[in-house]
2 protein chains.
Amino acid sequence: MGNIPNTTNILKDNKLRVTSCRRDVLATFITRKVALSHSDLEEALKENFDRVTIYRTLKTFLDSDLIHKVLDDSGATKYALCTHNRSEPHHEHEHVHFKCEKCGKTNCIEEVSLPKIALPAGYLSKEMSLLVVGICKECS
Amino acid sequence: MGNIPNTTNILKDNKLRVTSCRRDVLATFITRKVALSHSDLEEALKENFDRVTIYRTLKTFLDSDLIHKVLDDSGATKYALCTHNRSEPHHEHEHVHFKCEKCGKTNCIEEVSLPKIALPAGYLSKEMSLLVVGICKECS
DNA sequence: GTTTATGCAAATTCTTTGCAATACT
DNA sequence: AGTATTGCAAAGAATTTGCATAAAC
């Protein structure tokens, strides 16, 4: 790994030091295109980096809004790249994710956006995440 | 605890043996009215029951569809009572939950139902969960 | 040269499993 | 009486923390 374009620039843009662990974690997210758990990354990179370093890398990326948590119906915490335009003020405020029951993969569905939902009076919505569980294109 | 109505009947209706741990866990869900994690229950009931028994009780209730997992943006797995009519065939297929950033409480919003969402071709949806994060009635 | 990230060890926390004693029906 | 549940001990995962070494700027 290490030859994926951009990882260095992405890190620099986010004012993070460029290290090989960070570049490899980022590259793994970019090439796999699905939400990844810590253990997915550990398995992919354990030859090269310590488990703990991967935990810390994920935390760093979360803090920099480079990745976000993806809800999951099993216990596992998964993460995915944030795709929002960095020139925009902050965050995406909604996420739509699809998890396939068969292959277990979860990915972001960019094409779909959440309709506005009328909450009961008094509730203030700041962020919404929709998880759809079913069968994906490849498995159906 | 122990005087909450119905817990015995609910257990019987679900063909579960009536034990005091199960009644107390059920009663805690009924009275608190919010999604609870294992550690919430442990804290509430640790004088009376073992940590392990609470884990097993949650698993039993999940298997009987008495409770369901509630997605959460922190790591914690939370659970809430299923409110569906037991005469209906099976499961609810959608859940809308609200998590308050301030007080941390999560509850089911029964009033709102999810609009149908058009997924990209090839995706088959079986179940949907929406988590809305924001400020609740009490905290705003 | 200064600051920050990494690896390793070890501490915590979370969850599961085995088995004998107990409680439920 | 027979079967399922509980408590305790202990194993196994998952996650966090401290500190000396190494790498980035």
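When reading the values below, keep in mind they use all heavy atoms of this one structure, side chains included, and skip hydrogens, waters and symmetry mates.
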Protein-nucleotide distance (A/Leu16, atom CG; C/dT3, atom C1'), rounded to Å
14 Å
Would you mind reading off the distance between A/Tyr55 atom OH and C/dA5 atom C1', rounded to a whole angstrom?
18 Å
Within this structure, what is the NE2-to-P distance between B/His38 and C/dT15, rounded to whole angstrom?
7 Å
Check the phosphate of C/dT6 against A/Thr19, side-chain N and O only, distance under 4.0 Å to OP1 or OP2. Yes or no?
yes
Whole angstrom value for the distance that separates P of C/dT4 from CG of A/Leu11:
16 Å
Measure from the side-chain N and O atoms of B/Glu42 to the backbone N and O of B/Arg51, and report whether any donor-acceptor pair falls under 3.5 Å.
no
Atom NZ of B/Lys59 to atom C1' of C/dC14: distance rounded to whole Å?
13 Å
May I have the distance from A/Asp24 (atom CG) to C/dG7 (atom C1'), rounded to whole angstrom?
16 Å
Salt bridge check, B/Asp73 against A/Lys69: does any charged N sit closer than 4.0 Å to a carboxylate O?
no
Of all the nucleotides listed (C/dC8, C/dA5, C/dC19), which has the minimum atom distance to the side chain of B/Arg56?
C/dC19
Between A/Thr77 and B/Asp50, the residue closer to the 5' end of DNA chain D by nearest nucleotide is B/Asp50
Has the side chain of A/Arg51 got a donor or acceptor that lies under 3.5 Å from a partner of the other kind on the base of C/dG7?
no
First and last nt of DNA chain D near chain B, cut-off under 4.0 Å to heavy atoms, 5' to 3', are D/dG2 to D/dA9
Check this for me: B/Glu43, atom CD, are more than 12 non-hydrogen atoms of other residues, nucleotides or ligands nearer than 6.0 Å?
no
Rounded distance (Å) that lies between atom P of C/dT25 and atom CG of B/Asn9
12 Å
Would you mind telling me which of C/dT25, C/dT16, C/dC8 lies closest to the side-chain atoms of A/Val52?
C/dC8
When you compare the side chains of A/Ser37 and A/Asp40, does any donor N or O come within less than 3.5 Å of an acceptor on the partner?
yes
May I ask you to check whether B/Tyr79 and B/His68 place their ring centers less than 6.0 Å from one another?
no
Can you tell me how far P of C/dT13 sits from CG of B/Asp40, to the nearest Å?
16 Å
B/Leu16 and its side-chain contact (heavy atoms from CB on, under 4.5 Å) partner, picked from B/Leu26, B/Leu11, B/Asp63:
B/Leu11
Keeping the roles fixed (side chain from B/His95, backbone from B/Glu127), state whether a donor-acceptor pair exists under 3.5 Å.
no
Return the 5'-most residue of the pair B/Glu42, B/Ser20 with respect to DNA chain C, ranking by each residue's nearest nucleotide.
B/Glu42
